[in-house]
Amino acid sequence: MKHNGLKGMEDILPPDIAVWQSVESSAREIFGRYGFQEIRVPILESTDIFIRGIGEATDIVEKEMYTFMDKGNRSVSMRPEGTAPVVRSYVEKNLHTMPSPQKYFYSGPMFRYERPQKGRFRQFYQIGAEAFGIAAASMDAELIIMLKNLLEAIGLSDLNFEINSIGCAACRPAYRSALLDFFGDRRSEYCPDCQRRYETNPLRILDCKVPQCGQLRQGAPTVAGYLCEDCRTHFDEVLAILNSFRIPHTLNPNLVRGLDYYTKTTFEVTSEHLGAQKAVAAGGRYDKLVEDFGGPATPAIGFAMGMERIVTLLKERSEIKQRAPKVFVATLGKEAELEGFRIVETLRAQGVWAEQSYGSASLKSQLRRADRLSSEFALIIGENELRSGKLQWKDLKKSEQGEVAAADVVSFFQSE
RNA sequence: GUGGGUGUAGCUCAAUGGCAGAGCACUGGACUGUGGCUCCAGUCGUUGCGGGUUCGAUCCCCGUCAUCCACCCCA
C-alpha cells in the first residue's frame, strides 16, 4: 500500500534543502546584526488568539484554519501565521518589562486550508520578524532596510518594494466611510466579488483585478487624503528615511493588507518571476495588537517572508550544487574492506567526508558508485596495497592516480 | 468554495478504436584490479480508479480521485 502526502503538504528533499538552510542561516546572521533574537512558539494555539488577532471576519479565520477540539474539549488551531502567537507570548511572558525595543524572529511552518496553487501550500514556511515597543518611523525603516539587506544577501535584488499607510483607529473610519460613499453610488456595476467586498472589506475593492472595477474606481478617495496628523507625519518620516538610504520603493495606495491588526505602515515585496502569488514578503505596523491581547499599550511592527516563494526564485537563478564526498574508499577482499572502513572512520573523525563501499563488489562497480556520488577521489585498497602499505588514490576529476602510505592518508586528503 | 488544463515505466514524454513505445535513469556485461564516453543485454506498466458504448477502449462517453494553473484570499 502506497501512501500519499496530504494535499498542499510538500516534502522538502535534498538537494533543495540546501537552499532552505542557506536562506535560514543568512536570516539568522543578518537578523542577529539588527538585534533580533530567535523565538520559538508552538504550532498549536488556542483558537481565540487567531480570532482576536487576525480578525473574525477574515477568510483565514472564517474558512482556512485547521481547527479542532483537543481531548480536553478546548478549541485549538494550527497557526496560520506567526504574529499572533508571538504577541501572545510577548504579553504572557511580560516581555514589555525587558528593555525596549524587544526584537524577535521566528521560522517555521504555518497552516492554511486553501486550494494549493503556484506558490501556495497548506503547510508553508515563513521566516518572520517582530519588533515591539517603538513607535518611531525609524523602526519601520530599520525593519524594511533589514529585509532588503537579507533579500540581497541571498541573491534577490530585483524585487519590488511597495509601501502604503492604511491609517489608524483615529483616521481609518473616516476613510472607510468615504470609500463606501464613493462605491455606493454605482455599487451594482461592480463585480459580484466587489459587491461582497463592499460589505466585508471595502478597501479590497481598491485592488480588484477585474477591469470594469478598475474603471469604476477611478477617482476614488485615496487613503493619503484621510490620514490623521500623526499617521501622516509618521508615514512621511518613513518615506524620508527610505529615500535618504536610497531604498527604491513604490507608493501603492491600493496596498491593503488583509489582516485586521495592521495600522499605519504596510509594505509588500513582490517578484515578477512568480505566478499569481507573487508576494515574497509582507508586513506592517500593528500598534494596537499588544493592547488587544491584554498587554500594555505597545507599538509594534513586523513582517513575514514566504520561504517556498523565495526558494523558487533562488532555484530559478542558479543550479543547486549537490554535496559530494571527498573520497570514496573502494576495497577488494574481506581484509581490505575492514581496513577501508577504519580509514573512512579516521577521515571522518578529521572532518573529511568519506564514503565506503559496504561489502564486496567488483572494483568497476565500486568506482562507478564513486563517480555517481561525484566523489572527488577514490582510494583503492586491495591485496597488493595491504601487502605494500601503499594505497592507490585516484583523482576522479583529473583522472590522475598515485600512491600514498596508509599512515599519510588523512593529511593527504586534508591538504588536497 | 468556483473555473480550466493534465493523469501512460522511477523521471520526461510519444502512440493508435486492433499485440503499449522512446529517451533518460537503474542493473549487468564488453573491460577477470580502475569510473566517466561508446556498444550490447536486462528490470520496471492493472495506461489514476469505477462504470458505460463497442466484437475490441490507453484512445470515445459518464462519474470519481489526484495533480497543476487561475479566481477568492494570502507569505
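Worth knowing before you read on, the calculation uses all heavy atoms, side chains too, and leaves out hydrogens, waters and symmetry mates. Letters go in sequence order (proteins before strands), and every chain restarts at 1.
The separation between A/D59 atom CG and B/rC73 atom P is 7 Å, rounded to whole Å. Rounded to an integer number of Å, the gap from CD of A/E400 to P of B/rG36 is 19 Å. Here B/rG36 presents its C1' atom at 13 Å from CG of A/D395, a figure rounded to the nearest Å. Rounded to an integer number of Å, the gap from CZ of A/R196 to C1' of B/rG1 is 11 Å. Following rounding to the nearest Å, A/N384 (CG) and B/rU34 (C1') show an atom-to-atom distance of 13 Å. Remark: C1' of B/rG33 and CD of A/E385 are 8 Å apart, rounded to the nearest angstrom. One atom, CD of A/Q392, and another, C1' of B/rG33, lie 10 Å apart when rounded to the nearest Å. Taking atom NZ of residue A/K63 and atom C1' of nucleotide B/rG1, one finds them 7 Å apart after rounding to whole Å.
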Dump the pairs, protein N or O against N or O of nucleotides 37-44 of chain B, anything under 3.5 Å, distances to one decimal.
none

I'd like a list of close polar pairs between nucleotides 24-29 of chain B and the protein, N/O only, cut-off under 3.5 Å.
{"from": "B/rC26", "atom 1": "OP1", "to": "A/R372", "atom 2": "NE", "distance (Å)": "3.3"}
{"from": "B/rU27", "atom 1": "OP1", "to": "A/R372", "atom 2": "NH1", "distance (Å)": "2.9"}
{"from": "B/rG28", "atom 1": "OP2", "to": "A/R368", "atom 2": "NH2", "distance (Å)": "3.4"}

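Here, B/rG35 and B/rU27 have their C1' atoms 16 Å apart, quoted to the whole Å. B/rA41 sits 27 Å from B/rU46 when the C1' atoms are compared, rounded to a whole Å. Rounded to a whole angstrom, the distance from the P atom of B/rC62 to that of B/rC69 is 26 Å. Rounded to whole Å, the P atom of B/rG1 lies 29 Å from the corresponding atom of B/rA9. The gap from the C1' atom of B/rU6 to that of B/rG42 amounts to 32 Å, rounded to the nearest Å. Distance noted for atom P between B/rG45 and B/rC11: 13 Å (whole Å). B/rU38 sits 12 Å from B/rC31 when the C1' atoms are compared, rounded to a whole Å.
With hydrogens and angles left out, the side-chain atoms of A/T83 and A/E130 include a donor and acceptor closer than 3.5 Å. Looking only at atom types and distance, the side chain of A/D48 has a donor-acceptor partner in the side chain of A/S46 under 3.5 Å away. Using modelled atom types and a 3.5 Å distance limit, the side chains of A/N164 and A/E268 yield no donor-acceptor pair. A donor-acceptor contact closer than 3.5 angstrom links the side chains of A/Q401 and A/Q392. Using modelled atom types, one finds a donor on one side chain and an acceptor on the other under 3.5 Å when comparing A/N149 with A/Y34. Under the 3.5 Å distance criterion, with hydrogens and angles disregarded, no donor-acceptor pair is assigned to the side chains of A/E64 and A/Y66.
Within a heavy-atom distance below 4.0 Å of RNA chain B, the residues of residues 6-20 of chain A found are A/K7. Contacts between residues 144-156 of chain A and RNA chain B, defined by a heavy-atom separation under 4.0 Å, are absent. For RNA chain B, the residues of residues 273-288 of chain A within the heavy-atom distance limit of 4.0 Å (strictly under) are A/G275, A/A276, A/Q277, A/A279, A/V280, A/A281, A/A282, sorted by number. For RNA chain B, the neighbouring residues in residues 112-122 of chain A, judged by any heavy atom under 4.0 Å, are A/R112, A/E114, A/R115, A/Q117, A/K118, A/G119, A/R120, A/F121.
Among pairs with a residue in residues 378-387 of chain A, none fulfils salt bridge (Lys or Arg N to Asp or Glu O under 4.0 Å), at least two apart in sequence or across chains. Residue pairs meeting the salt bridge (Lys or Arg N to Asp or Glu O under 4.0 Å) criterion with at least one partner in residues 3-29 of chain A, sequence neighbours excluded, are A/D16-A/K315, A/R28-A/E38, A/E29-A/R33. Within the structure, salt bridge (Lys or Arg N to Asp or Glu O under 4.0 Å) contacts touching residues 183-199 of chain A (residues at least two apart or in different chains) are A/R186-A/E189, A/R187-A/E199, A/D193-A/R196. Judged as a salt bridge (Lys or Arg N to Asp or Glu O under 4.0 Å), the pairs with a partner in residues 50-59 of chain A (not counting sequence neighbours) are, in order, A/D59-A/K63.
Under the side chain to side chain contact (heavy atoms under 4.5 Å, CB included) criterion, A/Q195 pairs with A/Y190, not counting sequence neighbours.
We find that A/R342 and A/E345 are not joined by a salt bridge, their nearest charged nitrogen and carboxylate oxygen being 4.0 Å or further apart.
Of the possible donor and acceptor atoms, one in the side chain of A/D287 sits under 3.5 Å from a partner among the backbone N and O of A/A300. At distances below 3.5 Å, not a single donor-acceptor pair connects side-chain atoms of A/S89 with backbone N or O atoms of A/P85.
Seen from the ring of A/Y113, A/R122 counts as a face-on cation partner, given the 6.0 Å and 45° thresholds.
In this structure, the separation between OG on A/S157 and CG on A/L151 is 9.5 Å, given to the nearest 0.5 Å. The CD1 atom of A/I343 sits 7.0 Å away from the OG1 atom of A/T346 when rounded to the nearest 0.5 Å.
Just one residue in the list A/W353, A/F413, A/F328 forms a ring pair (Phe, Tyr, Trp, His ring centres under 6.0 Å) with A/F377, and that residue is A/F413.
Note on A/D371: a base of the nucleic acid sits closer than 4.0 angstrom, heavy atoms only. Using a 4.0 Å heavy-atom criterion, one finds that A/E383 contacts the bases of the nucleic acid, with or without backbone contacts as well. Using a 4.0 Å heavy-atom distance criterion, A/I380 is classed as a base contact. Residue A/E62 is out of contact with every strand shown, counting any heavy-atom pair closer than 4.0 Å. Heavy atoms of A/S399 sit under 4.0 angstrom from at least one base atom. Using a 4.0 Å heavy-atom criterion, one finds that A/E81 contacts no nucleic acid atom at all.
For A/K209, a side-chain nitrogen or oxygen approaches OP1 or OP2 of B/rC72 to under 4.0 Å.
Counting heavy atoms of neighbouring residues, nucleotides and ligands inside a 6.0 Å radius, atom CZ of A/R317 exceeds 12 of them.
When each of A/D193 and A/A304 is assigned the nucleotide of RNA chain B with its nearest heavy atom, A/D193 is the one assigned upstream, toward the 5' end.
Ring planes of A/W20 and A/Y125: perpendicular class, angle over 60° (limits at 30 and 60°). The aromatic rings of A/Y175 and A/Y226 are tilted relative to each other, their planes meeting at an angle between 30° and 60°.
Aromatic pair A/F36/A/F105: centroids not less than 6.0 angstrom apart.
One N or O donor and one acceptor, one from the side chain of A/K394 and one from the base of B/rG35, sit under 3.5 Å apart. A donor N or O paired with an acceptor N or O is found under 3.5 Å between the base of B/rU34 and the side-chain atoms of A/Q401.
In secondary-structure terms, RNA chain B builds stems of at least 3 consecutive Watson-Crick or G-U pairs, each pair having both distances under 3.5 Å, at B:1-7 with B:65-71, B:10-13 with B:21-24, B:26-30 with B:38-42, B:48-52 with B:60-64.
Proximity note for A/F124 (side chain, C-beta onward) versus B/rA75, B/rG33, B/rU34: the nearest is B/rA75.
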